[in-house]
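Each remark here refers to the structure printed beneath this line.
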Amino acid sequence: MRLYNTLSRSEEPFSPGPDNTVRMYTCGLTVYARGHIGNFRTFVCVDVLRRTFKYLLGYRVKQVVNFTDVDDRTIAGALKAGMDLRSYTDQYIAAFRDDARSLGLEPAEETPRATDEANLRAMASMIAALDKNGHTYRSDGSIYYRISTLPAYGRLARLDHEGMKDGARVDSDSYAKEDARDFVLWKGHRDGEPSWEFPQLGVTPGRPGWHIECSAMALRLLGESPIDIHAGGVDLIFPHHENEIAQSEGATGKPFSRFWIHVEYLIVDEQKMSKSLGNTYTISDVVAKGFRPSAVRLLLLSAHYRKQLNFTWDSLAAMEESLRRLTDFLARLGAVTRAGMHAEVSARVDEARKQFVDAMQDDLNTAAALGAIFELVRYLNSAIDSGQLGTGDVPGIRDTFAQFDRVLGVLSLRQAEDDRPPVPVDEIERLIEERHAARRRRDFAAADGIRSGLAARGVLLEDSAGATRWKRK
RNA sequence: GGCGCCGUCGCCAAGAGGUAAGGCAGAGGUCUGCAAAACCUCCACCCCCGGUUCAAAUCCGGGCGGCGCCUCCA
């Protein structure tokens, strides 16, 4: 598989580590608010990456996705809500898990939170290691990283500090630093803020800086560096990932991660979707508008992960239609009764499978992979129409679509949604029977009445030669 | 001011030297009690101007336009 590595700014062949295992870390959500679909673009793309590893390439995956549950915003939010930090952030972690489930994300092997005791201790140990290696200094009770002690600093982001001028906003952090580029490892205690200390490690009362948690948790849970992949949104390249590298490499003296994968922004109204801009949509917003999470998932996979994707309600509606085409096809396949098996069919299926695999291995080209699937669907639909597809062909086709879906995770998600129609299934079936009776006595007004009545309630009926099928609108 | 990405049909989007995948929408048709689904047909010289080449949407140069990073952010 070829993957684009931000570190080298080029595609590189990727292979797993020992034991055929891929150890990957994904920067997760800061849990002061519900995640929006821009956040989920990253998580869905990384989910497809891990599925590609597992189901297409046969690797094992150990993935860590963290929750940042202590920072300025979570502290402020908890204070405002009159809750303790832990229970305040609990709500958003629960919401994240709900949204993740509705988008069909496979659970990561580890989902640590920064304020877990073991993680705080790992951060303190890392700070102690940085102390030992001469990368730190203290000021006003806080602990800082002295960037000048790490010549390689800036390799990931490739920022030219000489070039930073007028347009660049200056660091507004209200902690005292020697150099604008230095960053906080541990923020000194302030009244009203949660505080931890590890005196035996030289860590005085305070709380973690943002960057330290990812470095510490990644190495604690994934083992020795370098890990195989570190992933996140493009906005994390600087300063977050650059600083993670500084911390990890300053502490261990070894490279932190072999690959750095960054997912581009989801934009909306020609601007990035971000909480600070206030133009965000959540999964529940989408559902309230009558769309389904499966359509969101497909939309997020419809463009290459390294290209900005402009979110519009129209494109989401188009995804609903595309998905319908796919599930209609699968339903049609189940209704095939003609016997026989056809070499041409299996050749076309094999070809599509190969195109799919090639596309996914080409830096996760989900858009091209989807193209191969739709092309196959059109071919197979026309084969059904012309009687060139028989029951003997069906299992192989089903296997292939199952493989597509293990990787993309969108069809089964859709089908699970379809299994929960707005009208109870037994009622739908009863009405279909009534309508059959009406049609048999050629009372088409009554038959059409039943059909439009169900349609108004979100259930569509389709007649074919043998039977009537229902589906969600 | 520095750095980066992008501009392909009405909309979304692959393709990255060999003559434009796919989805949605639209038009016409086949099938059907009517619908729906499905199928068939139609629907792009790839932002502009130069250059390199037998050949460029793809490479180079210059424009124009959009987005992003250099601040917390997926």
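What you are looking at is a predicted structure, and each value in this text was computed from that prediction instead of being measured.
Comparing the same atom, P, in B:G22 and in B:G65 gives a spacing of 34 Å after rounding to whole Å. Comparing the same atom, C1', in B:G10 and in B:A27 gives a spacing of 13 Å after rounding to whole Å. Taking atom P in both B:A55 and B:C40, the straight-line distance is 37 Å, to the nearest Å. Nucleotides B:C34 and B:U41 place their C1' atoms 25 Å apart, quoted to the nearest Å. B:C47 and B:U8 are spaced 6 Å apart, taking the P atom of each and rounding to whole Å. Annotation: B:G28 and B:C67 have their C1' atoms spaced 40 Å apart (nearest Å). Between the P atoms of B:G62 and B:G68, the separation comes to 24 Å (whole Å). Here the separation of B:A74 from B:A20, taken at their P atoms, is 44 Å to the nearest Å.
Of the candidate nucleotides B:C34, B:C39, B:G68, B:C34 has the atom lying nearest to any side-chain atom of A:R439.
If you check every strand for non-hydrogen atoms under 4.0 Å, A:L461 touches a base. Among the heavy atoms of the strands, none lies under 4.0 Å from A:R306. Note on A:Q271: only backbone sugar-phosphate atoms sit closer than 4.0 angstrom, heavy atoms only; bases stay farther off.
Checked against the 6.0 Å centroid criterion, the rings of A:F14 and A:F53 qualify as a close aromatic pair.
Shown here are the side-chain contact (heavy atoms from CB on, under 4.5 Å) partners of A:E106, two or more places apart in sequence or in another chain: A:D47, A:R50, A:R51, A:K54, A:Y55. Remark: A:H240 engages A:W210, A:H211 in a ring pair (Phe, Tyr, Trp, His ring centres under 6.0 Å) (not counting sequence neighbours). For A:D362, the salt bridge (Lys or Arg N to Asp or Glu O under 4.0 Å) criterion is met by no residue, not counting sequence neighbours. Looking at residues two or more places apart in sequence or on another chain, you find a salt bridge (Lys or Arg N to Asp or Glu O under 4.0 Å) between A:D90 and A:R113. Residues meeting the side-chain contact (heavy atoms from CB on, under 4.5 Å) test with A:Q308, sequence neighbours left out: A:E264, A:I267. Residues passing the salt bridge (Lys or Arg N to Asp or Glu O under 4.0 Å) test with A:R430, sequence neighbours excluded: A:E434. A:R457 is linked by a salt bridge (Lys or Arg N to Asp or Glu O under 4.0 Å) to A:E427, counting only residues two or more places apart in sequence or in another chain.
When rounded to the nearest whole Å, the span between CG of A:L103 and C1' of B:A74 equals 14 Å. As rounded to whole Å, 20 Å separates atom C1' of B:G68 from atom CZ of A:F311. Distance A:Y265 OH to B:A74 C1': 8 Å, rounded to the nearest Å. Note: CZ (A:R9) to P (B:G4) measures 9 Å, nearest angstrom. Here the P atom of nucleotide B:C70 and the CZ atom of A:F238 are 8 Å apart, to the nearest Å. Here the C1' atom of nucleotide B:C70 and the CZ atom of A:R158 are 16 Å apart, to the nearest Å.
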Name the atoms and distances for all side-chain donor-acceptor pairs under 3.5 Å in residues 347-356 of chain A, with sequence neighbours left out.
from   : atom 1 : to     : atom 2 : distance (Å)
A:R353 : NH1    : A:Q403 : OE1    : 2.7
A:R353 : NH2    : A:T400 : OG1    : 2.8
A:K354 : NZ     : A:D358 : OD2    : 2.8

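Nearest-nucleotide assignment on RNA chain B puts the 5′-proximal partner with A:L460, out of A:L460 and A:E264. Along RNA chain B, the nucleotide closest to A:H240 and the one closest to A:S382 are compared, and the more 5′ of them pairs with A:S382.
Salt bridge A:E11/A:R2: present, at least one basic N to carboxylate O contact under 4.0 Å. Between A:E462 and A:R451, none of the side-chain N atoms (NZ, or NE/NH1/NH2) sits under 4.0 Å from a carboxylate O, so this pair counts as no salt bridge. For A:D98 and A:R101, the salt-bridge test passes: some basic side-chain N is under 4.0 Å from an acidic carboxylate O.
The stretch residues 440-459 of chain A touches RNA chain B through A:F444, A:D448, A:R451, each having a heavy atom under 4.0 angstrom from the strand. Annotation: proximity of residues 27-39 of chain A to RNA chain B (heavy atom, distance under 4.0 Å) is found for A:G28, A:T30, A:H36, A:G38, A:N39, numbered in ascending order.
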Which nucleotides of nucleotides 9-23 of chain B have their base under 4.0 Å from a protein heavy atom (B), which only their sugar-phosphate (S), and which neither (-), written as one string 5' to 3'? ----SSS-----BSS
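Evaluation of the salt bridge (Lys or Arg N to Asp or Glu O under 4.0 Å) test over residues 366-388 of chain A, restricted to residues two or more places apart or in two chains, returns A:R332-A:D385.
Base pairing analysis places B:G50 opposite B:C60; the two distances defining the Watson-Crick or G-U wobble pair are each below 3.5 Å. Pairing for B:A27 goes to B:U41, judged as Watson-Crick or G-U wobble with the two contacts each under 3.5 Å. Base-pair partner of B:U19: not found among the strands shown (Watson-Crick or G-U wobble, both distances under 3.5 Å).
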